[in-house]
Amino acid sequence: MNVRMNMAAQVEKPADDLQPVKSRYLEALNLIERVHRRLLDVVKDEFERHGERELNPVQALLIYNIGDEELTAGELKTRGYYQGSNVSYNLKKLVEAGYVEQKRSRADKRAVRVRLTEKGQEVRRRIDALYDRQLKSIRDVLGMTEEEFDRLNKALARLERFWTDQILYRL
């Protein structure tokens with residue numbers, strides 16, 4: 001019993017050498033969540049400024065991520081963009097609104113493939129233009145460089161891989 005209590009204490013309280021990193025890790029987690037929510041706010045604001053209220057920001061980003069490809073909902077989920085029920089619900093709404101068209105796969109009649117309509121392509125172009133404006137401001141106002149984005153992306157990719165391994169290998 002005493003061994004079990006000691007093990008529980010070790011799990012609950014990180015070693016002293018982890019404390020400086022723990023606060024930074026928790027801050028990073030908080031920032032990741034906030035940055036994603038803020039991106040959704042920016043996209044929402046972009047569409048509201050132009051009187052477009054038919055799309056929500058998640059749907060607009062889904063359209064952007066479909067791009068010029070023809071994909072299944074499963075492929076969108078596998079790429080890590082969305083969770084399954086979220087993809088299915090939003091794709092259904094996008095089809096109903098005329099942004100996306102769907103058709104049965106020739107190879108597998110059970111699979112439905114989606115692609116953007118011209119209306120969906122217009123949304124994609126608007127998001128792309130928004131990103132271009134943001135990048136210009138990020139460069140001119142914030143002074144962020146390619147190298148900074150490379151380091152940021154590398155760190156985030158490593159963190160994503162770590163979390164994926166936690167799930168896949170039950171670490």
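Counting from 1, the numbers follow the sequence of the chain as shown.
Across every non-hydrogen atom of Val58 and Asn56, the tightest pair is N-OD1, 3.0 Å. For Val43 against Ala60, the heavy-atom pair with the smallest separation is CG1-CB, 3.8 Å. Here the shortest heavy-atom pairing between Glu46 and Arg126 reads O-NH2, 4.1 Å.
A heavy-atom distance below 4.5 Å is found between the side chains of Leu61 and Leu40. Side-chain contact between Val123 and Phe47: present, with at least one pair of heavy atoms (C-beta onward) separated by less than 4.5 Å. Glu69 is not listed as a side-chain neighbour of Glu75, based on a closest heavy-atom distance of 4.5 Å or more. Counting heavy atoms from C-beta on, the side chains of Val114 and Leu94 never come closer than 4.5 Å. Side-chain atoms of Glu160 and Thr164, non-hydrogen and from C-beta on, do get closer than 4.5 Å to each other. Contact annotation: the side chain of Leu91 approaches that of Leu76 to within less than 4.5 Å [non-hydrogen atoms, C-beta and beyond]. For the pair Val112 and Arg104, the minimum side-chain heavy-atom distance is below 4.5 Å. Residues Ile32 and Leu156 are in side-chain contact: their nearest non-hydrogen atoms beyond the backbone lie under 4.5 Å apart.
Other residues, nucleotides and ligands contribute only 12 or fewer heavy atoms inside 6.0 Å of the CD atom of Glu146. Within 6.0 Å of NE2 in His36 there are 12 or fewer heavy atoms belonging to other residues, nucleotides or ligands.
We find the CG-CZ distance between Leu39 and Arg34 to be 14.5 Å, quoted to the nearest 0.5 Å. Expressed to the nearest 0.5 Å, how far CD1 of Ile127 lies from CG of Asp132 amounts to 11.5 Å. Here Arg49 contributes atom CZ and Asp45 contributes atom CG; the two are 4.0 Å apart, rounded to the nearest 0.5 Å. Lys44 contributes atom NZ, which lies 13.0 Å from atom CG of Leu55 (distance to the nearest 0.5 angstrom). Interatomic distance, CG of Leu71 versus NZ of Lys77, reported as 15.0 Å (0.5 Å rounding).
Contact check on Asp41 versus Arg38 returns a salt bridge, with a Lys/Arg side-chain nitrogen under 4.0 Å from an Asp/Glu carboxylate oxygen. One finds a salt bridge joining Arg115 and Glu101 here, because a Lys/Arg side-chain nitrogen approaches an Asp/Glu carboxylate oxygen to under 4.0 Å. With respect to the salt-bridge test (charged N to carboxylate O, under 4.0 angstrom), the residues Arg125 and Glu122 qualify.
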>> Go through it in stages, so that I can follow the logic: the residues are Lys136 and Arg133, the test is side-chain contact (heavy atoms from CB on, under 4.5 Å), and I'd like the CA-CA distance, side-chain angles, deciding distance and then a yes or no.
In response: CA-CA 5 Å; Lys136 185 175 180 342; Arg133 286 193 317 273; 5.9 Å; no

>> Under the criterion side-chain contact (heavy atoms from CB on, under 4.5 Å), I'd like the reasoning laid out for Gln121 against Asp68: C-alpha separation, chi angles, the key distance, then a yes or no.
In response: CA-CA 8 Å; Gln121 286 290 350; Asp68 293 326; 3.1 Å; yes

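The salt bridge (charged side-chain N to carboxylate O under 4.0 Å, His left out) search around Arg124 returns none, not counting sequence neighbours. With sequence neighbours left out, the side chain to side chain contact (heavy atoms under 4.5 Å, CB included) criterion links Lys119 to Glu54, Tyr99, Thr117.
Residues Leu62 and Val42 share a hydrophobic cluster, clusters being chains of Ile/Leu/Val/Met/Phe/Trp/Tyr side chains in contact below 4.5 Å. Linking ILVMFWY residues whenever their side-chain heavy atoms come closer than 4.5 Å, directly or via other members, places Leu152 and Phe162 in the same cluster. Taking hydrophobic clusters as Ile, Leu, Val, Met, Phe, Trp and Tyr residues chained together by side-chain heavy-atom distances below 4.5 Å, Leu26 shares a cluster with Trp163.
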